[in-house]
Amino acid sequence: MRKLIVSVVMGAAVLVGTGVPAEAAPRGPRPAVKAKAVALSLGGKTLWNKDMHVKRPIASLTKVMTAIVVLRYESDLDRTLTIKKKYTTYGDKWGASEAGLVVGDKVKVRDLLYGAMLESGADATAALADAYGPGYKNFIAKMNATAKRLKLKKTHYANFDGLPYPSQTSTYSTAAEQIKVARYALRFPTIKKASATKKITIRTAKKRTYTFENTNQLIGKYPGILGIKTGYTNGAGYCFMFAAKRGKRTQIGVILGSPTDKRRFYDARRLLDWGFGDQTREWR
């Protein structure tokens, strides 16, 4: 177990090497996490890491950058996009998650972002990428330009959804750099609101309704949870980008390559408890 050394700086006790106030320090043994790579930060300081600088596929965590790019280029979220067949069939080859959009429908950009963030819908993501590239290739270029702007040196986007093409590892990042993506994403009120929404029903201009339900199982269950995104492919394993706030303290974590769906949420909850200095409670 790593020892937490306390020093006094200008009258305030802090953990050496972290800058984290001692009164906000984690308590108890470090939780065991089964994922391939993990990072947990508090106030921008790393509390816990496991191979956090190793490049790994990130599955649908990719869609967080997709939402960021859309919101950097669009202020009118009530703009409607017409759903094309190429969007609804886009992810068929890989059995991708979909928002269930119907060809010919007209859906607001805001609602497509909900479909992408909650349902991880490849159809919603394809519609956004095509509109804001314009075209898929141009949109992916904007994603990589934004990654460069954020100084993400070990991140590359080969697509806008995290699907395993051209290969399982074509889109990659690190747990540490995905922490930076999460921190930036939460500056956008639309992403923050959407990722914290458990379930929403929207109505389109053509009077069709869609219900999107969040794949993040901590929503509504973990105190202070803020979101933000799940992901899975065979190559990436189960991934999870998450954040929670208690008082003035905000923790952000990333899990890459967890062995099961249930385990990623279990580990995330235990990491957050530890980081906030809470005793771990039984997960139900």
message = For a 4.5 angstrom cut-off between non-hydrogen side-chain atoms, does N144 reach H156?
response = yes
request  = Please report the shortest heavy-atom distance between A116 and T125, naming the atom on each side.
outcome  = CB-OG1, 3.7 Å
ask   = Once you round to the nearest 0.5 Å, how far does OG1 of T174 lie from CG of L152?
value = 8.0 Å
inquiry  = Measuring from atom OG of S60 to atom CE of M117, what distance do you get when rounded to the nearest 0.5 angstrom?
reply    = 10.5 Å
ask   = Given V69 and F139, is the side-chain contact (heavy atoms from CB on, under 4.5 Å) satisfied, shown in steps?
value = CA-CA 8 Å; V69 171; F139 190 86; 3.5 Å; yes
ask   = Any side-chain heavy atom of L272 sitting closer than 4.5 Å to one from I225?
value = yes
message = Membership question, hydrophobic clusters at under 4.5 Å side-chain separation (ILVMFWY): are V38 and F265 in the same one?
response = yes
query = Mind checking whether Y157 and M65 have side chains closer than 4.5 Å, heavy atoms only?
reply = yes
key: Partner of Y210 by side chain to side chain donor-acceptor pair (under 3.5 Å), out of T204, T201, D105   = D105
request  = Output yes when a side-chain donor or acceptor of T171 lies under 3.5 Å from a complementary backbone atom of A158, and no otherwise.
outcome  = yes
request  = Among Y90, W94, Y136, find the one that has a side chain to side chain donor-acceptor pair (under 3.5 Å) with D161.
outcome  = Y90
inquiry  = Between V33 and L271, does the side-chain contact (heavy atoms from CB on, under 4.5 Å) criterion hold? Intermediate values first, please.
reply    = CA-CA 8 Å; V33 178; L271 284 166; 4.0 Å; yes
Rounded distance (nearest 0.5 Å) linking atom OH of Y238 with atom OG1 of T233 = 10.5 Å
message = Quick one, K199 with T211, criterion side-chain contact (heavy atoms from CB on, under 4.5 Å). Give me CA distance, side-chain angles, the key distance, then yes/no.
response = CA-CA 7 Å; K199 187 176 181 179; T211 297; 3.5 Å; yes
ask   = Can you tell if the side chain of P57 reaches within under 4.5 Å of the side chain of Q168, non-hydrogen atoms only?
value = no
key: Donor-acceptor under 3.5 Å (K154 side chain, H53 main chain)   = yes
Linked, directly or transitively: Y87 and I140 (ILVMFWY side chains, under 4.5 Å) = yes
inquiry  = Quick check: is F240 connected to V64 through a chain of hydrophobic side chains (ILVMFWY, heavy atoms under 4.5 Å apart)?
reply    = no
Row check, Y73 ring normal vs K142 NZ/CZ: under 6.0 Å, within 45° = yes
inquiry  = Can a donor-acceptor pair be found, under 3.5 Å and without considering hydrogens, that links the side chain of K229 to the backbone of N216?
reply    = no
Please list every donor-acceptor pair under 3.5 Å in which a side-chain atom of residues 106-114 meets a protein atom from a residue at least two apart or in another chain.
unit_1, atom_1, unit_2, atom_2, d
K106, NZ, T82, OG1, 2.9
R110, NH2, D78, OD1, 3.0

inquiry  = Tell me whether I200 shares a hydrophobic cluster with V70, the cluster being built from Ile, Leu, Val, Met, Phe, Trp, Tyr side chains joined at under 4.5 Å.
reply    = yes
query = Would you say the side chain of K198 lies within less than 4.5 Å of the side chain of L118, judging by non-hydrogen atoms?
reply = no
inquiry  = Looking at I58, is its backbone amide N or carbonyl O close enough to the side chain of T62 to form a donor-acceptor pair, meaning the two atoms are under 3.5 Å apart?
reply    = no
key: Backbone N/O of G121 and side chain of E119: donor-acceptor pair under 3.5 Å   = no
query = Taking it one step at a time, do D130 and Y132 satisfy side-chain hydrogen bond (donor to acceptor under 3.5 Å, both in side chains)?
reply = CA-CA 6 Å; D130 195 32; Y132 290 97; over 6 Å; no
inquiry  = I'd like to know if D261 and R264 make a salt bridge, using a cut-off of under 4.0 Å between side-chain N and carboxylate O.
reply    = yes
ask   = Is there a side-chain contact between P31 and W48, using heavy atoms and a 4.5 Å cut-off?
value = yes
query = Where is the tightest heavy-atom contact between K85 and V103, given as atom of each residue plus distance?
reply = CA-CG2, 3.6 Å
query = So, does N159 use its side chain to make a donor-acceptor pair with the main chain of Y165 at under 3.5 Å?
reply = yes
key: side-chain contact (heavy atoms from CB on, under 4.5 Å) between Y172 and T155, worked out   = CA-CA 6 Å; Y172 58 82; T155 298; 5.8 Å; no
Show which side-chain atoms of residues 178-191 pair as donor or acceptor with protein atoms under 3.5 Å away, not counting sequence neighbours.
unit_1, atom_1, unit_2, atom_2, d
Q178, NE2, S173, OG, 3.1
R183, NH2, S41, OG, 3.2
Y184, OH, R149, NH1, 3.1

inquiry  = Taking the side chain as everything from C-beta on, heavy atoms only, tell me whether R203 gets closer than 4.5 Å to R208.
reply    = no
Same apolar cluster (I L V M F W Y, side chains within < 4.5 Å links), F160/L101 = yes
ask   = Is a side-chain N or O of T250 found less than 3.5 angstrom from the main chain of K245, in a donor-acceptor match?
value = no
request  = Calculate, to the nearest 0.5 Å, the distance between atoms CD and CG belonging to E98 and D123 respectively.
outcome  = 5.0 Å
ask   = Would you say the side-chain atoms of R270 pair up with the backbone N or O of A32, donor to acceptor, closer than 3.5 Å?
value = yes
message = For G231 versus A59, what's the shortest heavy-atom pair and its separation?
response = C-CB, 3.7 Å
message = Which heavy atom of A127 sits nearest to which heavy atom of L81, and what is that distance?
response = O-CD1, 3.8 Å
task = Measure the CZ-NZ distance between R269 and K221 for me, rounded to the nearest 0.5 Å.
result = 11.5 Å
ask   = Taking atom CD1 of I219 and atom CD of E213, what is their separation to the nearest 0.5 Å?
value = 11.5 Å
request  = Please report the closest heavy-atom contact between A243 and I252, naming both atoms and the distance.
outcome  = CB-CG1, 4.0 Å
ask   = Going by heavy atoms in the side chains, are L42 and K45 under 4.5 Å from each other?
value = no
inquiry  = Does the Lys NZ or Arg CZ of R246 fall within the cation-pi geometry relative to F276 - under 6.0 Å from the ring centre and within 45° of the axis?
reply    = yes
message = Salt bridge or not between D51 and R56? Use side-chain N to carboxylate O under 4.0 Å.
response = no
